[in-house]
There are 2 protein chains.
Amino acid sequence: MCIETIRQLEKTLPASWETFPIDVDEFKNSSAFALIFKQPSDNRGEVANEMNIKDIAKISGVGISTVSRVLNNSGVVSDTTRAKVLAVVKQYNYVPNSNARNLKKTQSNTIALMVKGISNPFFANMIKEVERQVHLRGCPLMIQQVEDGVDEIAAAMQLIREKNLYGVIFMGGTYDHSEEEFNQLGVPFVLTTITTMKDVDPAAFSSVSIDDVQSAYKATSYLISLGHRNICFLARFPFMANTIGNRRLLGYKKALEEHGIEYDPALVEDCEYAPSFGFAAAKRLLSKNLGITAMFAASDAIAIGAAKAVLSSGLSIPGDVSIVGFDGIEMAEYYHPSLDTISQPGVEMAHVSVEILFDLIAGETANRHVVFESMLVKRGSSRKVN
Amino acid sequence: MCIETIRQLEKTLPASWETFPIDVDEFKNSSAFALIFKQPSDNRGEVANEMNIKDIAKISGVGISTVSRVLNNSGVVSDTTRAKVLAVVKQYNYVPNSNARNLKKTQSNTIALMVKGISNPFFANMIKEVERQVHLRGCPLMIQQVEDGVDEIAAAMQLIREKNLYGVIFMGGTYDHSEEEFNQLGVPFVLTTITTMKDVDPAAFSSVSIDDVQSAYKATSYLISLGHRNICFLARFPFMANTIGNRRLLGYKKALEEHGIEYDPALVEDCEYAPSFGFAAAKRLLSKNLGITAMFAASDAIAIGAAKAVLSSGLSIPGDVSIVGFDGIEMAEYYHPSLDTISQPGVEMAHVSVEILFDLIAGETANRHVVFESMLVKRGSSRKVN
DNA sequence: TTCAAGATAGTAAACGGTTCCATTTTGACT
DNA sequence: AGTCAAAATGGAACCGTTTACTATCTTGAA
């Protein structure tokens, strides 16, 4: 809405409305601005007259405990009584208060998802499926982003004790926790696409993942098989061991080694998992004139940025440079040229994560570790050389 | 991890572990498979010995209510007592049980986000900011996806009554609700990037949005100003009035009309907001040989798909076809060529949504409607013709 | 020294459920 | 009809807080 439109709109407003510009300084990073239309509302929403279990009991002419039994399908209730109660419940659209229920049971039905970076398209896709599956099981989902540097387990602990959570799914990142810390959680949990730095006994946790080393090995081997020798690698390498980036680097190195290609650190660039960083990293690499003929990016987002760098340098893909990404996000397929990638079955991984979690909640005592197979998807961003 | 790797890994496992393939049929849509390693865990996490307010009171040597007053900063407590209690709270890492608190207060501090399609990159970005802002205010965030066809308000109502929610943010979609239905919610709420079908009194709700008509008008006018006459438009048009797609269509039509170009329905394609649909729609359009020189897509995701269709048909962008998208997602910038777009300040919109919500929670009675300005971002996917 | 006022702390009653346990009802079998 | 186990139901304690109300302790002025 441009200024003129708003000014015009202003004239048509009832006199009771105020109009004033929003504080622009607050949004320095955007040229956006806005106007606010205000009007005191006379009718603040009244909470619909709440019913509680006592009301339902009274109306149905039964005891409180009977209503509870009907609602929870616990204990024995005669069909007549059950029908009577359910009718009243339906009529008054009664919803049990979960705070009370959780308090009494010292356990809620809420699942928490601790995730690193909601907006990462690969995660976003998994989150979507997690929400769907959790919701399908009648449980609400709480999402919390764990910023860099915060202790994921500690954050989850806080939430668990505060809310008496049912279970937790941890998604993405590298965890530096000991077995004791995991045990402290005290509720079922699953680690999805997470690498652990400490050597934790597999019996102490469940996980869903792919084999990053093997996957990167697969991608690199593929490029080597096409005749490439100068293959660069773009990923994030924090000062920690066993991160996703480092594990994929391992696979990259392993492939080089197996094919007698010497590992050249100059071909490896540190970059965040986003197009802008991939773009910058690829630019840096290209400017070094290392005779690069192929790029392997540890995420499709990086690959997209790198591809842009290549194409905007006047080089062609795969004519001059071959590119293989990682993740298998939709956008990579619709890039032009479509990007080859190591695809992770994100939806299935999310699905299985929730399944494992609910099995644990249901009392399963054996932790499971599901390792999915990644897939090399060839779409035409790499070609044979020599 | 390929089969061989797993077989090898199997041999190194202690005998107590079972290994068996996951049911592949469950994942028909993916060629993924997985093996599961199982081992009964002997030490199921013990819940850390929970403390309650009574324990803290006893240990601190004060009354329960005093502890409560300290924790809530309510009432008057002497500095000595306060320090004493806080020390104990800290020492035992005591976290108040929010179920009990919420039950007593008949209000929780939980915010719910009802969103259509978490994985849409534009929404994902906003969700990220909403989570950040809500979290910053010390409140947990619950996310629920509203599938097509489910009543958003009814779903929220259920959650509100069950969890005594603090507030709700509705994000995306077209709502067909009356003022009464909104009022029923009974808690503060904000509609973000939502269009309403019924004519609801603006005093009854708060909203954050851009002007879709104006924005589409801007994009179309831009293409017209470059000399284009055969401009197609790709968006989703459900059988409802006043959807985002329909509003943008209005702007598109308005621009055509103002410049004396006759509206041709054949140039308008119905398609979902995803690359694959944009691709298919653009293919359909191109095959009709309508002499299209420009495409305006109602989302960048569509634009990316459409661009792919254009490029893979051997046409060039912007040489043969100019393209303008909508939203301003990062991927569009890194497409090659970078896609022109109507950019929405998503982060700011999310930010303001949370601000409005918490103002309402704090007792503000005036509903606000913030209309952000969208921006035409020119990056080179359109060019002058004739 | 006494006492009222003000400050602080403690008591106990909710909040809305679940669930153990006691009681009533039912009905099959002597 | 009487007996008794099983089935159905109701009563009440409790989950961990908040908060109104009451009790106690200071403190300083009379």
Side-chain angles (χ1 to χ4, degrees), chain A residues 47-86 88-89 92-110 158-166, chain B residues 47-86 88-89 92-110 158-166:
Chain A
V47 180
N49 54 331
E50 296 297 339
M51 302 229 97
N52 58 29
I53 200 170
K54 224 177 280 177
D55 300 324
I56 299 296
K58 199 180 295 168
I59 295 170
S60 320
V62 301
I64 292 175
S65 48
T66 304
V67 176
S68 178
R69 275 187 292 261
V70 168
L71 293 170
N72 294 288
N73 278 319
S74 65
V76 271
V77 182
S78 70
D79 289 347
T80 345
T81 312
R82 174 183 309 277
K84 204 163 53 181
V85 171
L86 284 178
V88 175
V89 165
Y92 290 90
N93 194 22
Y94 163 70
V95 181
N97 181 306
S98 74
N99 288 130
R101 167 179 289 180
N102 298 340
L103 173 60
K104 185 66 185 85
K105 300 178 100 166
T106 54
Q107 180 191 76
S108 88
N109 63 341
T110 302
Q158 166 98 13
L159 215 52
I160 288 168
R161 299 181 60 180
E162 210 181 291
K163 299 276 174 189
N164 295 119
L165 292 183
Y166 215 29
Chain B
V47 180
N49 54 332
E50 296 297 340
M51 303 229 95
N52 59 28
I53 199 169
K54 223 178 279 177
D55 300 324
I56 298 296
K58 198 180 295 169
I59 296 170
S60 320
V62 302
I64 293 177
S65 52
T66 304
V67 177
S68 178
R69 275 188 291 261
V70 169
L71 292 170
N72 294 288
N73 279 318
S74 65
V76 269
V77 182
S78 70
D79 289 346
T80 347
T81 313
R82 173 184 307 279
K84 204 165 52 182
V85 171
L86 285 179
V88 175
V89 164
Y92 290 89
N93 194 22
Y94 163 70
V95 182
N97 181 305
S98 73
N99 288 131
R101 168 178 288 179
N102 297 341
L103 172 60
K104 187 63 187 93
K105 301 177 101 167
T106 52
Q107 178 190 79
S108 87
N109 64 341
T110 302
Q158 165 98 14
L159 215 51
I160 289 168
R161 298 181 60 182
E162 211 181 291
K163 300 275 173 189
N164 295 120
L165 293 183
Y166 215 28

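Labels below follow one simple rule: chain letters A, B, ... track the order of the sequence lines, proteins then strands, and each chain is numbered from 1.
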Scan [X] against the nucleic acid and name what it touches under 4.0 Å (heavy atoms): base, sugar-phosphate only, or nothing.
X: A:V76; answer: base
X: B:S68; answer: base
X: A:N72; answer: sugar-phosphate
X: B:T81; answer: sugar-phosphate

Which side-chain N or O atoms in residues 52-60 of chain B pair as donor and acceptor under 3.5 Å with protein atoms at least two apart or in another chain?
residue: B:N52; atom: OD1; partner: B:K54; partner atom: N; Å: 3.0
residue: B:N52; atom: OD1; partner: B:D55; partner atom: N; Å: 3.0
residue: B:D55; atom: OD2; partner: B:N52; partner atom: N; Å: 3.0
residue: B:S60; atom: OG; partner: B:I56; partner atom: O; Å: 2.5

Inset, instruction - List in chain and number order the residues that pass side chain to side chain donor-acceptor pair (under 3.5 Å) with B:N97, two or more places apart in sequence or in another chain; answer none if no residue qualifies. - result: A:N164
Legend entry - For B:N73, side chain to side chain donor-acceptor pair (under 3.5 Å) partners two or more places apart: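 Side chain to side chain donor-acceptor pair (under 3.5 Å) list for B:N73, sorted by chain: B:R82.
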Extract from the structure each pairing of a protein N or O with an N or O of nucleotides 14-16 of chain C at less than 3.5 Å, listing the distance.
residue: C:dC15; atom: O2; partner: B:K104; partner atom: N; Å: 3.4
residue: C:dG16; atom: N2; partner: A:A100; partner atom: O; Å: 3.3

Legend entry - Interatomic distance where CD1 belongs to A:I64 and C1' belongs to C:dC21 [whole Å]: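 Taking CD1 of A:I64 and C1' of C:dC21, I get 16 Å after rounding.
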Who are the side chain to side chain contact (heavy atoms under 4.5 Å, CB included) partners of [X], not counting sequence neighbours?
X: B:T81; result: B:V62, B:T66, B:V77, B:S78, B:V85
X: A:V95; result: B:Q158, B:R161, B:E162
X: A:N72; result: A:S68, A:S74, A:R101
X: B:T110; result: A:M142, A:K163, B:S108, B:P140, B:M142, B:L165

Legend entry - chain B footprint on DNA chain D, 5' to 3' - any atom under 4.0 Å from a heavy atom: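 The contacted stretch runs from D:dG16 to D:dT19.
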Legend entry - From B:M51 atom CE to B:N93 atom CG, the distance as rounded to the nearest 0.5 Å: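 Result: 10.5 Å between the selected atoms.
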Legend entry - 5' precedence on DNA chain C between A:L71 and B:S65 (nearest-nucleotide basis):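 Per heavy-atom nearest nucleotide, the more 5' residue is B:S65.
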